[in-house]
Amino acid sequence: DSCPGAKCAHDDAASDDVGLLQQRAHSDVTSHVHSEVGVWALEEEPDFREPPVVRSPVTLNMMTMKLCLPDSKVRKKYSQADCWYTRAYGTNKLPASIPGPTIRVKPGETLKVTMVNQLRYPSPGCDPLNLGFCDANTTNLHTHGLHVSARGNQDSVFEHIKPGGWKKYAFEVVPYHMGGTHWYHPHSHHAAAIQAGGGAHGALIVDDVPGSLPPEIEGMEEKIMVMSLVDSAWKAHTNGVYGMSRLESMAKSNLWKTQKGKYLDVDDVAVLVNGQFKPKLKIVNGKWYRLRMVFAAVELVLGVFPFFGTSASCDFQLLAKDGIYLHEMPRTVKRIFFASGNRVDVALRCTCTNRMQECSSHLVTASHQPSTKMKEIRQKTENELQKERHFQKSPLSIFGKKSRREGGLHSENEGPLKGIDEKVVEQDLLLLDISASPNGPEPDLRSFKINRPCYLVDLRSVKVPRRNQGRIELMNPIDFRIRYATQLTGGQAAGHQMKTMKEGPLGTLKVGQVYEWSIRGPPGRANDNHGLSIHPFHMHVNPFQVVSLESWNDFYRAGDWHDTLLHGSGHALVKTQTNTFTGHAIFHCHLLDHEDMGMMGYFDIKGREGSYWKDAKKVDPTCYRDQSGVGFTYLKKGGGLLEVQPRWVTGAPGENCHIACGDLGGCAAGLRPSTRHELDAVLRQTGISCSNITASTALHAPSVVQGGACSFFSGHGTAADFEEEYHCGVDPPADASRFCQCQGI
């Protein structure tokens, strides 16, 4: 066969007429189809640009392009730019670029993509005795976040395209698909990390159906921000997570080598926004903008916030996470968080202060927000403020730690990411150039809810039968396994490293059902360095709703939907619908080098294709299965969709508080009764009578054991501070029942 609409990689001619260049030489670096158009030296402060937009049908060409480190004008430690080749996507009319073009699709459309692999041999295969990183130039296509079938020519990662080959995909987007922000990238086992992490990725937007959002949201000017990592470090960052050149060397590939023929080894990480290094985004004073933000990465974490100096004040209003709108929005947030693969839609409005009409601000990522030197900033002179408008100083310099530098990696030891065992990148992302407004500031956004497709109704109060409950255990970083048990607590979980795509499923589900899973590390082990505190859990096909999560804040809350979740407590309780689609539903760690090492599994969903959960309309009568049901409702100020009524309950013996509160709004990770008087109030609410009451330092306290002996918690300030804070997921002994405070709905 010949490649449709494009020249195959084995053709001698250039693949199109916009500068794609094929070079013949002795190594695979120069025998791929290259793009020499727009070779990047990562110029600092270019004007912000967005990737070009394409619609179905699309031809994506997997090829290579040249990428260069910043020169001496940007980072003084480099005497000259070092350049290397990496993989990226182009089309028949667009050269390869990082990111690739933004693909947009409407609900009800079939997204047709012809994937042409213009990479070349050699592509060393996998050693059966030591599977890890191999088949570096074999590829495929994954639509991360789309609620589509995983069969055949849709979102099946079991399909592979060898060098020089091609495949036609036809993703059938259901008419009731929620509009949202997603992304696409390769997912070829054992090569996913080096391909997606090296630059082969792009944004994928499902358009909102007209009338599904309030006019002020529907008409808001959008800015697409695809945030890509250039990770040139050779040493591991943490827990077996390496930079791209190290992974390329493990796969015995010839990419990510410098002009001297050596693998790149520079201890640095840069975040690109739409392929640009710290671009300058021009916005209008007091105007709302919708930022569609994609962290198109396979490692590390971002903690993003608008820098609050004296010249500008910026508002962050959260709309959606992982392409799924909140149940009530917008939500005021100070900071937004990205594990690898996460997306966030946020409304941004910046206003000049001190009666200034023009000013500046920054959008930064850092491990915590600055506070110690705010007084110094507020004492800047007007002349210094004007210098700030011209972006002559990074706000990271005022964080109060001499060790901080742009491109540095730091651990989160406080705030919402406390406990995660991944590093946070610190860098300016955007320089915000704020100009005067001819119309004055726009008003605050009104609170609203939208009518939801039935596969995304609120499941928090839904009681899931035991046969549909299970436990997903994410093992430690050396193990690279995911295990599954068919019960929330107790019993033995089983699993294996997914060394090849021929492994069997970890479980069988039925289509058209609701399932409840406890996602955690192995029971009986400390939560830190295990479970969700190190492994971002990603689910294909069906997203999940978090129904219990510790350490609530303005960003992480029970009730929100995700398809990728990382959390410092290491543990969450989630619910999901197996809506419409049968077949293999993949789940894995989204540190993709862990996934390449085998930290992946899948459920085999059986039943009649097209089946759906029939009780969705009982939970939410406004939910819809066709576009005629879209709409929105403004909410009264201070009004909520579900009234929160915290209360104490008694869990079943051996059951942790996430599970005890799974239908009651989730565990409230607040203070525990630490005196007999405080425990008495809990006993009155639960109706429990105690034979005797004692103080306990056990992390599962307060609890009652069989026979009626009760205990309150007296361990505050002990060495187990981490477990003290993240106590909801602690399993009690088999004969003990915990007293759990639930959020209540």
Side-chain angles (χ1 to χ4, degrees), residues 142-148 150 155 157 178 180-187 192-193 196-197 201-206 225-229 241 292-304 318 320-326 336-346 365 416-417 420-422 424-425 456 472 474 482 517 519-521 531-547 549 555-576 585-596 599-603:
H142 169 47
T143 51
H144 185 130
L146 281 197
H147 180 53
V148 294
D155 195 22
V157 300
M178 179 178 279
T181 303
H182 308 289
W183 64 304
Y184 62 92
H185 62 82
H187 205 297
H201 51 246
L204 173 57
I205 310 296
V206 179
M225 293 177 54
V226 180
M227 297 173 289
S228 311
L229 286 179
V241 177
R292 291 186 178 267
M293 306 176 72
V294 179
F295 188 32
V298 302
E299 55 168 332
L300 302 177
V301 175
L302 302 182
V304 179
L318 183 63
K321 295 193 289 184
D322 285 354
I324 302 175
Y325 287 109
L326 306 180
I336 56 179
F337 302 94
F338 298 84
S340 53
N342 280 140
R343 291 89 63 214
V344 174
D345 286 52
V346 65
T365 170
L417 292 183
I420 66 163
D421 202 22
E422 284 194 62
V424 182
V425 184
L456 293 175
I472 297 172
L474 309 173
I482 299 180
W517 299 320
I519 306 175
R520 56 173 301 160
L532 291 172
S533 59
I534 183 172
H535 301 293
F537 176 79
H538 173 50
M539 187 81 192
H540 292 204
V541 183
N542 298 299
F544 52 85
Q545 185 182 26
V546 176
V547 298
L549 188 71
F555 187 79
Y556 289 108
R557 287 191 185 177
D560 292 349
W561 290 79
H562 292 257
D563 60 48
T564 307
L565 180 64
L566 176 75
H567 194 266
S569 68
H571 194 167
L573 191 71
V574 308
K575 294 177 182 177
T576 186
I586 288 280
F587 52 91
H588 59 87
C589 172
H590 211 276
L591 298 177
L592 288 193
D593 54 349
H594 287 188
E595 179 269 310
D596 283 333
M599 200 163 190
M600 179 167 65
Y602 67 93
F603 292 125

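Computed from a predicted structure; not experimentally measured.
- Looking at Asp421, its side chain never comes within 3.5 Å of a backbone N or O of Ser533 through a donor-acceptor pair.
- Across every non-hydrogen atom of Pro543 and Leu456, the tightest pair is CG-CD2, 3.8 Å.
- The OG1 atom of Thr181 lies 11.0 Å from the CD1 atom of Ile324; values are rounded to the nearest 0.5 Å.
- The aromatic rings of Trp183 and His185 sit tilted, their planes meeting at an angle between 30° and 60°.
- A donor-acceptor pair shorter than 3.5 Å can be found between the side chains of His567 and Ser569.
- Going from atom CZ of Phe587 over to atom CZ of Phe537 covers 6.0 Å, rounded to the nearest 0.5 Å.
- Across every non-hydrogen atom of Leu591 and Leu300, the tightest pair is CD2-N, 4.3 Å.
- Here the NZ atom belonging to Lys321 is positioned 4.5 Å from the CZ atom belonging to Phe555, to the nearest 0.5 angstrom.
- In plain terms, the two heavy atoms of Asp593 and Val241 that are nearest each other are OD2-CA, 3.2 Å.
- Of all heavy-atom pairs spanning Lys575 and Trp561, the tightest one is O-CZ3, 4.4 Å.
- The distance from the CE atom of Met293 to the CE atom of Met225 is 4.0 Å, given to the nearest 0.5 Å.
- In terms of heavy-atom proximity, Leu592 sits nearest to Ala196 at CD1-CB, 4.2 Å.
- Separating the NE2 atom in His182 from the CD1 atom in Ile205 is a distance of 8.0 Å, to the nearest 0.5 Å.
- With values rounded to the nearest 0.5 angstrom, His535 atom NE2 is found 13.5 Å from Leu565 atom CG.
- Donor-acceptor pairing under 3.5 Å is recorded for the side chains of His201 and Ser228.
- Distance alone, capped at 3.5 Å, places no donor-acceptor pair between the His571 side chain and the Leu532 backbone.
- Between Met599 and Leu474 the shortest side-chain heavy-atom distance falls below 4.5 Å.
- Contact check for His540 versus His142: side-chain heavy atoms found under the 4.5 Å cut-off.
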- Task: Kindly indicate, with the supporting measurements, whether the criterion side-chain contact (heavy atoms from CB on, under 4.5 Å) is fulfilled by Val344 and Val304.
- Result: CA-CA 11 Å; Val344 174; Val304 179; over 6 Å; no

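- His594 and His588 share no side-chain donor-acceptor pair at under 3.5 Å.
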Assess whether side-chain contact (heavy atoms from CB on, under 4.5 Å) is satisfied between Trp517 and Thr576, documenting all intermediate values. CA-CA 8 Å; Trp517 299 320; Thr576 186; 3.6 Å; yes

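- Relative orientation of the His590 and His144 rings is perpendicular, given thresholds of 30° and 60° on the angle between their planes.
- Nearest heavy atom pair, residue Pro536 against residue Thr564, reads CB-CG2, 4.1 Å.
- Within the 3.5 Å criterion, the main-chain N or O of Asp563 finds a donor-acceptor partner in the side chain of Asp322.
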Practice item. Give the intermediate values and the outcome of side-chain contact (heavy atoms from CB on, under 4.5 Å) for residues Leu146 and Asp155. Key: CA-CA 9 Å; Leu146 281 197; Asp155 195 22; 5.8 Å; no

| message | One pair to check against side-chain contact (heavy atoms from CB on, under 4.5 Å): Leu302 and Val424. What are the steps and the verdict? | response | CA-CA 5 Å; Leu302 302 182; Val424 182; 5.8 Å; no

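- Counting only heavy atoms from C-beta outward, the side chains of Val541 and Tyr602 never approach each other to under 4.5 Å.
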